[in-house]
Amino acid sequence: MNINPTSSDAYRLLHEGTLALARAEQQGIRIDINYVEEQRDKLTQKIDHLERNFKNTKLYYHWRHSIGNKEPNIYSNHQLAHFLYKVKKLTPPTNTFSGQGSTDEEALKALDIPELVELIRIRKLKKVRDTYLESFVKEQTHGVIHPIFNLHLVRTFRSSSDRPNFQNIPKRDKESKVICRKALFPREGHQFLEVDFGSLEVRISACYHKDPQMLQYITDPTTDMHADMGTQLYLLDKLDRSIPEHKYLRDATKNSFVFPQFYGDYYKNCAHNLVIRWGKLSEGRWKPGQGVPMPNGIHLADHFISKGIRHYEKYVEYVRRIEDDFWNNRFFKYSQWKERWWRNYLNRGYVDMLTGFRCSGLMSRNDTINYPVQGAAFHCLLWSFIELDQVIRKENWDTRIVGQIHDSILLDVNPAELDVVSHTVKHITTEALPKAWPWIIVPLEVEMDLAEVDHSWADLKKFTFA
DNA sequence: GGAACTCGCCAC
DNA sequence: AAACGTGGCGAGTTCC
């Protein structure tokens, strides 16, 4: 695998990007070390308590007995798999890549053993303590962490981050998010502003394939791709985002079908996630009352049964037809582009990005589609990062860029500069960038989140301005 | 005793 | 035909 900048623009992006990122690294992010140590001790107490409870369960006694009354290591997946799948002879719900029975959260939940749910809880708390809080303490100097951003490590020419990794700090799980992000602060008297490109990868993919239906979804705010797919996949007449049960199904559609399809997933995985993971249904025949609630007081199983789909296998076949429609009707031009792109790769041995980089070497079919999209999308962020960094220095602002997460930028803002900073950011990302790169044929959008002065990264709130 | 591996899990 | 893309990192385990 080999990727090269093949134009001087691409080279400049790497050169200037390295310098701009280095300035953010040097600036760093303040951590509240007292808070971190306090939370770490709190978590330790919780973990110790839960561990003691776990070691008093019948399951644990059985486990210990099975290895000659030695103490098993409850954090060893190897030992746990041996106990569950060899000693107790349970059927592994899923297997790992190397063919062993899985002991991840999904598998343990499927086994439906209460003690294992407790083990999942312990693992989560340990992850927060040992991966995040511990690394903040370990990596800080004088109460500031300086995450590193690399431009030379990722196959798609995205960035990566380490020491500590600033790009995977918990966000989706509320509890983990608050514990970790409450540790991070801007300089005294300053405030965090985070700027996110909206659906950047989808927009950049459209710049490659120019599919008319996709362009419509991007440019017409009255359309909703995820809702359209949700109505099909869950057999609804319409999907109304203001109804909580419908919003849930729309999210399920987005995360289990639309995005995975864009990455190259296929209907069998999608069907499983749509109705088993999110819909809480089982394989085989469905019984009334099963599954997540629906708006009219019934449940998902009742709904599917009323539509003539009474078991999982029939639903999988249904999703196969939707997938076929998705690529061969709805996004036909996108589909043609994927095929053409793969053929080009087979003929030439490389694919070119819109940003002047070339991916060559051994790639799978999915790779040839995903790399150029992922890379060019990140380059939009990097170009904006460089531009903003230059304005900050030229205008001698007190505001600083402190980090970047693939399609977002984190700023440590002097409140007196908030107005000019937010307007400048908006201008660079949505106007200057498409002007500089005419291949960007779709509108770009950014969302901003702001924390109050002296508040943490956990305290961001939607920020709008005239 | 360290390197390299597997697995699990966090982000986009 | 193929079958979800990119990372970092901690812990346990195995190899040398």
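Everything quoted here is computed from the prediction, not taken from an experiment. In what follows, every heavy atom counts, from backbone to side chain, and hydrogens, waters and symmetry copies are set aside. Numbered from 1 within each chain, the chains take letters A, B, ... in sequence-line order.
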| request: Give one of base, sugar-phosphate or nothing for Ser408(A), where a contact means two heavy atoms less than 4.0 Å apart. | output: nothing

Here the distance between atom P of dC12(B) and atom CG of Asp173(A), to the nearest Å, is 13 Å

Separation of dG10(C) atom C1' from Ile122(A) atom CD1, nearest Å, is 17 Å

Does a side-chain N or O of Asn269(A) approach OP1 or OP2 of dA3(C) to a distance below 4.0 Å, or not? no

Sugar-phosphate, base or nothing in reach of Ser161(A), heavy atoms under 4.0 Å: sugar-phosphate

So does Arg172(A) reach the base of dC10(B) with its side chain, donor to acceptor, closer than 3.5 Å? no

| said: Categorize Gln261(A) for me: base, sugar-phosphate, or nothing, with a 4.0 angstrom heavy-atom threshold over every strand shown. | reply: nothing

By nearest-heavy-atom nucleotide on DNA chain C, the more 5' of Asn168(A) and Asn77(A) is Asn168(A)

Considering only heavy side-chain atoms of Tyr263(A), the closest of dC9(C), dA11(B), dC4(C) is dC4(C)

Leu153(A) atom CG is separated from dC9(C) atom P, nearest whole Å, by 10 Å

Kindly indicate whether the side chain of Lys127(A) and the base of dC10(B) share any N or O donor-acceptor pair separated by less than 3.5 Å?
no

(message) Need one value for Gln100(A): base, sugar-phosphate or nothing, where a base atom within 4.0 Å counts as base even if backbone is also close, heavy atoms only.
(response) sugar-phosphate

Open item on the list: Classify Ser176(A) by what it touches in the nucleic acid, base, sugar-phosphate, or nothing, heavy-atom distance under 4.0 Å.
Closed with: nothing

Looking at the base of dG5(C), is there any donor atom on it, or on the side chain of Gln374(A), that sits under 3.5 Å from an acceptor on the other one? yes

Under 4.0 angstrom, heavy atoms only, what part of the nucleic acid is Glu134(A) near: base, sugar-phosphate, or nothing?
-> nothing

Among the nucleotides dA11(B), dG12(C), dA3(C), whichever has the atom closest to the side chain of Asn73(A) is dG12(C)

Atom CD1 of Ile67(A) and atom P of dG12(C) are separated, to the nearest Å, by 14 Å

Practice item. Answer with base, sugar-phosphate or nothing: what part of the nucleic acid does Pro260(A) contact at a heavy-atom distance below 4.0 Å? Key: base

Relative to Phe259(A), does Lys254(A) satisfy both conditions: NZ or CZ under 6.0 angstrom from the six-membered ring centre, and within 45 degrees of the ring's axis? no

inquiry  = Over all strands shown, is Ile169(A) touching base, sugar-phosphate only, or nothing at heavy-atom distances under 4.0 angstrom?
reply    = sugar-phosphate

Inset, instruction - Mind checking Lys177(A) for me? I need base, sugar-phosphate or nothing, with any heavy atom below 4.0 Å counting as a touch. - result: nothing

> Yes or no on side chain to side chain contact (heavy atoms under 4.5 Å, CB included) for Phe83(A) and Leu59(A), after CA distance, side-chain angles and deciding distance?
Replying inline: CA-CA 10 Å; Phe83(A) 172 62; Leu59(A) 184 89; 4.0 Å; yes

